[in-house]
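To start, the structure under review is shown below, and the notes come after it.
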Amino acid sequence: MNVRIFAKAHQTRISAALVAAVISLFSLAVHADNHVKVENGYIRATIPGTNISSAYMVITNHSMNVKELIGATSNISPRIEIHEHQMSEGMMKMRQRESIVINMHDAVTLQPSGLHLMIFELNKPLKVGDNVELTLQFKDGEQLPISLPVESIKRKKKAKHAHNHH
Ligand SMILES: [Cu+2]
């Protein structure tokens, strides 16, 4: 009799802990909603005599929705486009894209020879060590401000290496 009562009390305590765990998981999920994370970002230093650059980064969608990147804005340039390098008839060609779709819990990598943000008409040269503020624009209206370090073209190899380990 005593044993049975003890067992029942114990069981009640477990289910209360379980409910608390479920509640905290649920609030974590709500908190993560609309959360897009940008990592490993950088922007290329300008080559003397040019006024263009490109930006690279890994964008991860931790939100509960499909996110669609439709562009970026910055006070360093009036014109930033989404570009993609593609092999076509044995030639590497660059074309503009309307957007990049990032599925739920998925990530896209903007990298040399792939997807990138192409920055035209820079109003000043970008030097290694500078930081550039960009705002990513999403189709659902979200605006995500990011800060990217300016890095030399040599970063290319390093980024590829890091990606292989991912
Ligand atoms: Cu481009």
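These numbers were taken from a predicted model, which means no experiment stands behind them. In each ligand, atom 1 is the first atom listed, and ligand 1 is the first ligand listed. When reading the values below, keep in mind they use all heavy atoms of this one structure, side chains included, and skip hydrogens, waters and symmetry mates.
Using the six-membered ring where Trp is involved, H83 and H116 have ring planes that are perpendicular, over 60° apart on the 30 and 60° scheme.
The set of protein atoms (N, O or S) found at less than 2.8 Å from the Cu ion (ligand 1) reads H83 ND1, M94 SD, H116 NE2, M118 SD, by chain and number.
A salt bridge is defined here as a Lys NZ or Arg NE, NH1 or NH2 lying under 4.0 Å from an Asp or Glu carboxylate O, and E81 with R97 fails to meet this definition.
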Please step through side chain to side chain donor-acceptor pair (under 3.5 Å) for the pair E68 and S99, ending with a clear verdict. CA-CA 6 Å; E68 192 172 351; S99 67; 2.6 Å; yes

Would you check, one step at a time, whether the test side chain to side chain donor-acceptor pair (under 3.5 Å) holds for E133 with S74? CA-CA 6 Å; E133 314 291 322; S74 173; over 6 Å; no

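N61 places a side-chain N or O within donor-acceptor distance of the main-chain N or O of N103, the cut-off being under 3.5 Å. In this structure a side-chain-to-backbone donor-acceptor pair under 3.5 Å is present from T46 to L126.
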